[in-house]
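Data first, discussion second: the structure below is written as structure tokens.
So that the names make sense, note that chain A is the first sequence line, chain B the second, and so on, each numbered from 1.
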Amino acid sequence: MQYHFNDIEAKWQKYWAENQTFKASNTSDKPKYYVLDMFPYPSGAGLHVGHPLGYIASDIYARYKRHKGFNVLHPQGYDSFGLPAEQYAIQTGQHPAITTETNIKTYRRQLDQIGFSFDWSREVRTSTPEYYKWTQWIFIQLFESWYNNTTNKAEEISSLIKIFSTEGNANVNAVCDDNIEIFSAEQWNEFSPEKQQEILLQYRLTYLAETEVNWCPALGTVLANDEIVNGVSERGGHPVMRKKMTQWSMRISAYAERLLQGLDTIDWTDSLKESQRNWIGKSVGASVTFNVIPSVSSSAVETYHQIEVFTTRPDTIFGVSFMTLAPEHELVSQITTPEQKAEVDAYILATSKRSERDRMADVKTISGAFTGAYAEHPFSKEPIPIWIGDYVLAGYGTGAVMSVPCGDQRDYDFAKHFNIDIPNIFEGADISEAAFTSKDNVKIANSDFLNGMNYKKATKRAIYELEQLGQGEGKTNYRLRDAVFSRQRYWGEPFPVYYVNGMPQMIDKQHLPITLPEVEKYLPTETGEPPLGRADVWAWDTNTNTVVSNTLVSSSAVETSKDNGIYPLELNTMPGWAGSSWYFFRYMEEKANRGEDFASKDALNYWENVDLYIGGSEHATGHLLYSRFWVKFLKDRGFVGVEEPFKKLINQGMILGTSAIAFNITNVRVSKLKEPYKVDNDKIYVSIERLNYGTDTKVNVIVSKEILFESTNMKSSVNSSAISELHHDPSKQNKLFNEILNTLNLEEEIKSDLLEGKAVLTYYINPIRIDVNLVNASDEVDVEKFKSHKTSKDYLKALFISEENETFIVGREVEKMSKRWLNVVNPDNICEQYGADSLRLYEMFLGPLEQAKPWNTAGITGVHGFLKKLWKLYVGENGVNVNNAEPTKDNLKSLHKTIKKVQEDIENFSFNTSVSTFMIAVNELTQQKCTSKAVLEPLLVLLSPYAPHITEELYSQLGNTTSISTAPFPEFDASHLVESSKNYPISFNGKMRFTLELPMDMSKDDIEKTVMAHEKTIAQLDGRTPKKIIIVPGKIVNIVG
RNA sequence: GCUGAAGUGGUGGAAUUGGUAGACACGUUGGACUUAAAAUCCAAUGUCCAUUAGGACGUACGGGUUCAAGUCCCGUCUUCAGUACCA
């Protein structure tokens, strides 16, 4: 009987589905354990072998926990709103819902064939109305809430209205917009409803405001900060610019401190926590207010301006010699003097033209302009010139700084550049070359009441003095900005919002979901409105509470008499992270039981939060921060009972592809030389240079019969190793050269010119990637297949470095696995050829879970061979050969060694080492010719989380009628591992020379006697007397001579 | 620049509190079986020297601590990831 993995795997996958083997219960006596994967976006390309890595790891853990007696929740679903389906819709007109449905089918088929123990009865899809109804509902809850800084939690907006109407807002300690108008209770009660709503909007946790946003013209939408990488969009790499737009925002800044503190309570990696800490960016300091000195030439009605700055170094306040405002700062236009206006305007214009990316690329250039205005130093009352400069960012702090050139390098450089005074306020510091930026071991000088104090004391005193003047206070600043929540896209959650007189109104819960309207095209409208602007039926009728045709919206809703109660609906949709910020709660309820809540109280109380979450590190500052924010909010409002969504989190490393690189000759030229080149010893001279444009590499060759390398000046690049491999291998180079000569069909005269050094040959080569599926394990390209392959059409004339017998060898380059690099390996093929169990084992065997590692299909034969060996251990020619034979000592030792190691490995997520442990166990038991059921059956249970199909099959062949997944994990018994002797390594001066088998219970003295009497010891010592003998019983003997 | 992680055979990677470096695989080489191939099995495989016995070197580089260092300490270099005028 052979190991027919395809049949076995299909059989058990069917069994699990039919018996709902992995269905979790919401009522169980067992302890609960919730294992979650970051759910995938179902892309059209399907899964490649990199995707399941994390799923396999979490599946092993989930299965292990079941063996250990836990009630395990291990669900899966789809993050099915998103850009690719929409882009595809724009190109083809196909509705994204259809594309998504098709892609999900492919994903499900691929996931099923790998044998995951998912409970599919709880599946979620973020793009279904039954799901996004609750995303809309959470949005409404955020709208109906404000953040009370006194109770330090979110509260219902009604409590705020109550305060406003009884005492005004002067004493409200809330997180709100910066420029809040102060009013009394009387004033509040007299405000018009519109005015009241306008004010409330400044307090709500999601709010509509004109904000400076990241606008991506190529994508036609705004992007959140975490969707921008290096100044370009994360998706597609398009340029991004700053633009003022009215958008929905999430007041995540209200939770900055709690998001920071919460990190200490969860088991995440330090690097991930560090990323979040940096993103939140807490800095403690003071805010200081500077009065602008009124200019003499200003008009009769004098206006007094104040500039507020944030500083982490209030102790250096006497070192201020100028102030710098961001060019976008709102005061700039008001304080600039007429004489300086032209210069300032020119500077503002120049900086506004620079894109974010240019600004980042060019940090070195110092630029700025003097406004002509002066501020007054709060203590010395000296005038301080006010400058503008683009090193001050409008988006951080107040967009203005007090510049202390002696203590801050950027201020220092700016002052040097513009010849501004650099007063030194540090005792004994040398500031002739650079600013003195250290806080430690220095005393403040030339600073009035701060003289002689250290950083800590001076900071405290400076803040105190500022408070006395009413010109400052201690303040904590966060880098974390409120998150823009609108997207100008079609394929996202519609907002449950309509507008009356321009003010947003929420639609009642009972009328949700507001489903996406149909549009005839998925592009923005001609007038620049989002795609929903194309919908004909997209207005809200407050009489019937239904979505109705746009044409019914009364044209002059401003006049209440003509108001027919039909209003326009919001045209934006929600961003991708909306649906993924709470999906883990939705899984807590089976689809069939989902009722009138996003999850029932019982389910929420039972499952609490995710015990183990596995996914990619790319979500460090996006999804993982937003989810934490929403969970904290839901907790504040009493909708859930937990403060953090994910207790433990592991980032799986990326599986990299091994691209196949060949070389395409893009251009060849022969130029005659004025002076013939002196050809030495029949050599060919080659020089290579990398061109500045494109990816081409230019190669000059002066030809003779044999190749020699004259010079190379290669710059590093993605393809450098493959190119230099080509150019440093003379035989490859020679072949390439001959290929070129033959292909060109050169005239004999030119050929001889080249060979005589009278002409130079220049060619340009471009490394191209060849689909890895057309290359075998020996790096040979299947040329026939390549020429007919769809990805080759551009390269039909491609030249290869050919070896003998028409084989073409490619170079290799490890890079991200992606369709674009033609290096994608499909798990379907692997499952078909080797089986899902082999795939699972191999992905784990590749290396540590959290580490990036290259995929190499050739290596899978190792684990596949192991499974065949395992099969042969249980099943002989004539059926199962496992019996009730008494296990031998060796059998038990092998088994219990394995139990111990595997259990430790799983708990430490060291899955790669447990695969080797299984291999060792099977090798040993095969050697021992073990047939004992008492040993072989527990071994199956140990292995079943990793290779569930083959173990189910063998388990049933041993006579079991239940699924192996319900079997308890074998108990480790240390008594089987007790050794009676130890093979001691005998070292001389720390170098191991030979080993010696000695009894475990031998005393130190006896060990010494035995070792010293040994003939090899005597030979090693060669008559010398050892100085010292180190004996560590059970470990080592070291003789120092 | 800053923060974090990491540098071990031809390759992926093992190595518990400092205690036999290179487990387990891939690859390579040789052999068995076969008409042949595949599959399977056996053996060798860090580098160098040596006919053998054996020896020298060896965990990025340079120092140090220790009877003993891949592991601990100091310095240097390199790679990867994240982040960046954050006041």
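- Straight-line distance from the NE2 atom of A:His864 to the C1' atom of B:A38: 13 Å, rounded to whole Å.
- A 3.5 Å limit on both hydrogen-bonding distances identifies B:G27 as the Watson-Crick or G-U partner of B:U45.
- Sequence order on RNA chain B of the closest nucleotides to A:Asn278 and A:Ala400 puts A:Asn278 first from the 5' end.
- Between B:U59 and B:U11, the distance separating the two P atoms is 16 Å to the nearest Å.
- The distance between the ring centers of A:Phe414 and A:Tyr391 falls below 6.0 angstrom.
- When both distances must be under 3.5 Å, the Watson-Crick or G-U wobble mate of B:A53 does not exist.
- In terms of phosphate contacts, A:Ser271 brings no side-chain nitrogen or oxygen within less than 4.0 Å of OP1 or OP2 of B:A81.
- Here the separation of B:G62 from B:C49, taken at their C1' atoms, is 27 Å to the nearest Å.
- Pair assignment for B:U35 gives none, since no Watson-Crick or G-U wobble pairing has each distance under 3.5 Å.
- Surrounding CD of A:Gln927 are at most 12 heavy atoms belonging to other residues, nucleotides or ligands under 6.0 Å away.
- When the nucleotides B:A25, B:G82, B:A87 are ranked by their closest atom to the side chain of A:Asn923, B:A25 comes out on top.
- Side chain of A:Tyr412 to main chain of A:Ile431: a donor-acceptor pair is present (N/O by atom type, distance under 3.5 Å, no hydrogens or angles).
- The phosphate of B:G82 has neither OP1 nor OP2 within less than 4.0 Å of any side-chain N or O from A:Arg277.
- Within 4.0 Å of A:Thr324, counting heavy atoms only, lies no atom of the nucleic acid at all.
- The OH atom of A:Tyr842 sits 10 Å away from the P atom of B:C26 (whole-angstrom rounding).
- Residue A:Ile56 holds its CD1 atom at 12.5 Å from OH of A:Tyr842, rounded to the nearest 0.5 Å.
- Within 6.0 Å of atom NZ in A:Lys893, 12 or fewer heavy atoms from other residues, nucleotides or ligands are found, so the atom counts as exposed in its surroundings.
- Between A:Arg479 and B:U83, a side-chain N or O to OP1/OP2 separation shorter than 4.0 Å is absent.
- With 3.5 Å as the limit, one finds a donor-acceptor pair spanning the side chains of A:Lys869 and A:Asn923.
- With both pairing distances under 3.5 Å, B:U83 is matched to B:G1 as a Watson-Crick or G-U wobble pair.
- The nearest whole Å value for the distance from the CZ atom in A:Phe994 to the C1' atom in B:A53 is 16 Å.
- Rounded to the nearest Å, the gap between the C1' atom of B:G19 and that of B:U71 is 11 Å.
- Toward the 5' end of RNA chain B, the nearer of the two residues A:Pro854 and A:Asn477, judged by each one's closest nucleotide, is A:Pro854.
- No donor-acceptor pair under 3.5 Å is formed between the side chain of A:Asn908 and the backbone N or O of A:Ser910.
- Annotated as syn: B:G9, whose glycosidic dihedral is within 90° of 0.
- Atom CZ in A:Arg993 sits about 12 Å away from atom C1' in B:C57, given to the nearest Å.
- Contact check, A:Lys1028 against B:C67: a side-chain N or O comes under 4.0 Å of OP1 or OP2.
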Report, one pair per line, the protein and nucleotides 29-32 of chain B atoms (nitrogen or oxygen only) whose separation is under 3.5 Å.
none

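- Of the listed nucleotides (B:A56, B:C24, B:U3), B:U3 has the atom at the smallest distance from the side chain of A:Glu274.
- Taking atom C1' on both B:G1 and B:A84, the two are 8 Å apart, rounded to the nearest angstrom.
- Spacing of P atoms, B:C2 relative to B:C48, comes out at 41 Å, to the nearest Å.
- Nucleotides B:G27 and B:G12 are separated by 11 Å at their C1' atoms, to the nearest Å.
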Under 4.0 Å protein heavy-atom contacts per nucleotide of nucleotides 14-20 of chain B, with B for base, S for backbone only and - for none: S--B-BB

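- Between A:Thr324 and A:Ser403, the side chains place a donor N or O and an acceptor N or O closer than 3.5 Å (distance only, hydrogens not considered).
- With no hydrogens or angles considered, a side-chain donor-acceptor pair links A:Tyr347 and A:Ser367 at under 3.5 Å.
- Across B:C67, B:A87, B:C41, the shortest atom-to-atom separation from the side chain of A:Lys869 is found for B:C41.
- For the 3.5 Å distance criterion, the side chains of A:Ser283 and A:Asn477 fail to qualify, holding no donor opposite an acceptor.
- Taking both residues in full, the closest heavy atoms of A:Thr898 and A:Ala921 are given as OG1-CB, 3.3 Å, listed atom of the first, atom of the second, then distance.
- Between A:Lys868 and B:U40 there is a side-chain N or O to OP1 or OP2 distance below 4.0 Å.
- With a cut-off of 3.5 Å on both Watson-Crick or G-U wobble distances, the partner of B:U78 is given as B:A6.
- The C1' atoms of B:C77 and B:A23 are separated by 30 Å, rounded to the nearest whole Å.
- When atom types are taken as modelled, the side chain of A:Lys853 and the backbone of A:Gln851 share a donor-acceptor pair closer than 3.5 angstrom.
- The base-pairing partner of B:G19, taking Watson-Crick or G-U wobble contacts with both distances under 3.5 Å, is B:C67.
- Rounded to whole Å, the separation between the C1' atoms of B:U28 and B:U34 comes to 23 Å.
- Among B:U40, B:C85, B:A56, the nucleotide with an atom closest to any side-chain atom of A:Lys872 is B:U40.
- A sub-4.0 Å separation between OP1 or OP2 of B:C86 and a side-chain N or O of A:Arg481 is absent.
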